[in-house]
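Throughout, protein chains are lettered first and strands after them, A, B, ... in sequence-line order, and every chain is numbered starting at 1.
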Number of protein chains: 2
Amino acid sequence: MVTMQDVARHANVSIATVSFTINNTKPVSARTREKVEAAMRELGFRRNAVGRALASKRTRIIALLFPALQHSMSGTVIQFFTSAAATARELGYNLVLWPISNEAGQATELTANGLVDGVLLMEVELDDPRVQELQESGTPFALIGRTRAPEELTYVDINFEETLVAAVQHLTALGHRNIALLDDAIGSRSLAAFGPVSRSRDSFEAEMRRQDLVPTAFTCEANPAAGKAAAAEILAAYPGVTALIVQNEQAAPGLASGLRRAGRRIPQDLSVLSVASSAEMAAMVDPELTVLTSPGHELGRMGVAALIDQLEGRATSLRQELVMCRLEGGGSTGPVPAQEGPAQEEAVE
Amino acid sequence: MVTMQDVARHANVSIATVSFTINNTKPVSARTREKVEAAMRELGFRRNAVGRALASKRTRIIALLFPALQHSMSGTVIQFFTSAAATARELGYNLVLWPISNEAGQATELTANGLVDGVLLMEVELDDPRVQELQESGTPFALIGRTRAPEELTYVDINFEETLVAAVQHLTALGHRNIALLDDAIGSRSLAAFGPVSRSRDSFEAEMRRQDLVPTAFTCEANPAAGKAAAAEILAAYPGVTALIVQNEQAAPGLASGLRRAGRRIPQDLSVLSVASSAEMAAMVDPELTVLTSPGHELGRMGVAALIDQLEGRATSLRQELVMCRLEGGGSTGPVPAQEGPAQEEAVE
DNA sequence: TTGTAAGCGTTATCAA
DNA sequence: TTGATAACGCTTACAA
C-alpha cells in the first residue's frame, strides 16, 4: 500500500502538504501541487479510507435501515437501493445495509460503534419507536416516509395525499363517479399505524367528497389470492362501481383476474388504477395496468442527499420533501361505461 | 464516546489488558476480567470500529458489487440482499452496496482505498472482465454465479444443470414428451455469455435427449409483451407442445396470458413450469405458476459465509457451492392431455 | 505557503 | 498474567 508518507517523501514535501493538496484545505503553490500530484500519479496513491476516518472523525459511511421482513413493493425497493447507493457514491459516501426488525433497541446498538455518520430509515410508521431511539442516541438520520408529526425531522416521502387526488381526478375526468379504493392491510398492523395507507385513504375520501362523490374503501392482504377475493367482495358490496383505485401492489393482479372472472372487462366495464406501485408489476397484469408509479429512484436519491447535506452541515434548513407518483400509460383505465353510468350514480347518491 | 482508555482507567488496568479481555487474545485472570467487564458495563463502552480497523488492518466490511442496470428477478434480488446483509452482521461484518456498471475498471477503483476486506460479485458472466480485475488487484472475492472456468474461484451459484433436469423430469413424470424451453435474451448479451441461460439450455437439451425426446428451445426478451408474443410463436412453431419450461421471470405472465388467449387452458391443455424465478412472481399469474424457485436467501447466506471464511483464513479448501431451486406448488402443471398426446409425439419423432 | 507534531481508538509486540 | 508503547494512515492545530 502506498501511504501519504510515501508520496510526501517522493515529492520532497511534508505529509501535511500532501494532505492540504489532496483536500484543498489550505493554499498550496502551483509548483508544489504539481510535484505532489506527479508523485501520487507515479506511485498510484489512493488515500486510505480508514486512516482518514479515524483522523477526521467522519467515516463517510451511512447506513440504510430496512425491515428484514420485506412485505412491500420489491420493484420499487430495488430501485431505491440502487439509486441510494449510487447517490451516496457520487457524494463520496458508502452505503451499508442493515436489515433490522421493527423492534426498538437494534438501531442504537448498530450505531454505537462509530462506523456510520448517519442513518436512513425506511418503512417508517406513524409512531415509530426507532425515531425516538435515534434521536436519543444523537445519530443524524433522515426518514424515507413520515411519522405522524414529522415537523422537526428530515424526511423524504411519497406525496400520497396529492397522488390520491390525482388518481381520483384521473378517473372523474373519464366520467367515473362510482369509485372505490382498495388498500393494504399490512399484516397485523392497524390501518392507522401506517402512513401510506392512512394518508392515502384520508386523501381519497376528502377528494371524493370535494367532488360530491361517495367514497368507499376496502382493504385486503397483500397477495394475489386476497386480491381475487376482494374482487368478489367489492362487486357484491358495491355493484355499481365503475372504477377501482388499488394501493396494494401484490393484490392488484389477483384483483384484475377476479374481476375478469366475474365477467367484468377491463377497462370497458370497469377501470382499474394502481397507485404507489411499480411499472414492472403493473406490466405483469393483462391488460397492463394504468399506474401511478412509486418514485423509488427519486426517493433514494433525495433521501441520501438530504442526509448527507445534514451531515456536512450544509443544510440551510430542514429538508422535507414529498414526491408525486407519476402516471404511466397502461390499458386498464377508460371512460365510464355509457349506459350503466346513470343508474349506478343514482344508486349511490 | 467511551474509549478503551476510559475503561482501562476505570478498571485500574492497562489498555492492553482491556483489549486482551475483549478479544480473548491473551489469557486474563478471572478477577481482572471481571473488573474490566464491570467497567465496560458501567461506562457503556462500545469498541470503536474505525480504530479497530486501522490497528488490525481489517475493516470487517465487505462490498456487494451489483450491476446498476437491474434486469433480473427483483423478488430474488431483494431476498438475496437481505440475507447477505443479515449474514454479514451475524458474522461481525458490514455489507456495503456498490452498484457498478459492467465495465471493467470500476471494481479496482472502489477496492483501492482499503475500505473493504473483500468483495461479493453478482451477475457474473461466463467471461467476466471484473474477475480478472479483482484477481489482479489482489482483492479477496467470491462470486454469486460462475465464470466459464471457475475451478480456481470461490463461488456460490444456482445449480442450473440439476434444476433443469428436475424440471424436465417433473414434466415427463406427468407424461409429457413434447416439452419446450423458453429462456431469456438478456438484452444484447449473446446467449453464450450468460451462465444461467447457457447452462440451463445445455442441461435441458441433454436431459431431453437422455430420455429420447427432442429438445426445442425458444428465447424472448424479459418482459410480458415479449412473453405474449413468444406464446404465439411457440404454438405456431411447435403445435404439438404440451409443456413449457420458462426461465424468464418477466416474460412468464405474458406467456401465460398469450397461451390463454390462444385458447389453451393451463394446465389442462398445456403445462407451464417456471424455473429460477421467485414464488411472489409466480403467484402473480393466474393460475399460480408451478415454479422452481431461486434460492435467493441461501445464495446470500452462503456467498457471504464463503467470502468471510476466506477472509479469516479458515477456509480449509476453496468453497464452491451449487444450490438447487426448490419446487413449489402451483396449479400450472398437470398430466399430459390424454387424447392429443400420441398424435403429437408422433409429429415430433 | 510549508513543516512539525499531536492526536484519532485500537491492536499487537516485547518486556516485565 | 499484565503493562508500556509503537504502530496503523491520516487530519489539523500551531509554528515557522
Is [X] near enough to [N] that one of its side-chain N or O atoms lies under 4.0 angstrom from OP1 or OP2?
X: T3(A); N: dG9(D); value: no
X: N48(A); N: dC8(D); value: no
X: R58(A); N: dC8(C); value: no
X: K57(B); N: dG9(D); value: yes
X: S19(A); N: dT11(D); value: yes
X: T17(A); N: dG3(C); value: yes

What is the distance from [atom1] of [X] to [atom2] of [N], rounded to the nearest Å?
X: N24(B); N: dA12(C); atom1: CG; atom2: P; value: 13 Å
X: R47(B); N: dT10(C); atom1: CZ; atom2: P; value: 8 Å
X: R52(A); N: dC8(D); atom1: CZ; atom2: P; value: 21 Å
X: M1(B); N: dG7(C); atom1: CE; atom2: C1'; value: 14 Å
X: K26(A); N: dT12(D); atom1: NZ; atom2: C1'; value: 7 Å
X: M4(A); N: dG9(D); atom1: CE; atom2: C1'; value: 8 Å
X: Q5(B); N: dA4(D); atom1: CD; atom2: P; value: 10 Å
X: F20(B); N: dT13(C); atom1: CZ; atom2: P; value: 9 Å

Which nucleotide in the list [options] gets nearest to the side chain of [X]?
X: S56(A); options: dT11(C), dA4(D), dT11(D); result: dT11(D)
X: T32(B); options: dT5(D), dC10(D), dT2(D); result: dT2(D)
X: I15(A); options: dT1(C), dC10(D), dT5(D); result: dC10(D)
X: A16(A); options: dT2(D), dG3(C), dA12(C); result: dG3(C)

For this session: Give one of base, sugar-phosphate or nothing for V13(A), where a contact means two heavy atoms less than 4.0 Å apart.
Result: sugar-phosphate
Problem set entry | Check ion pair R319(A)-E321(A) (N to O, under 4.0 angstrom) | yes
For this session: Considering only NZ, NE, NH1 and NH2 on the basic side and carboxylate oxygens on the acidic side, decide whether E312(B) and R58(B) come within less than 4.0 Å.
Result: yes
Exercise. Under 4.5 Å between any side-chain heavy atoms of V119(B) and L134(B), yes or no?
Worked result: yes
Problem set entry | Atom CZ of R31(A): over 12 foreign heavy atoms under 6.0 Å | no
Problem set entry | Over 12 non-hydrogen atoms of neighbours within 6.0 angstrom of CD in Q135(B) | yes
Exercise. Of R31(B) and F45(A), whose closest DNA chain D nucleotide lies nearer the 5' terminus?
Worked result: R31(B)
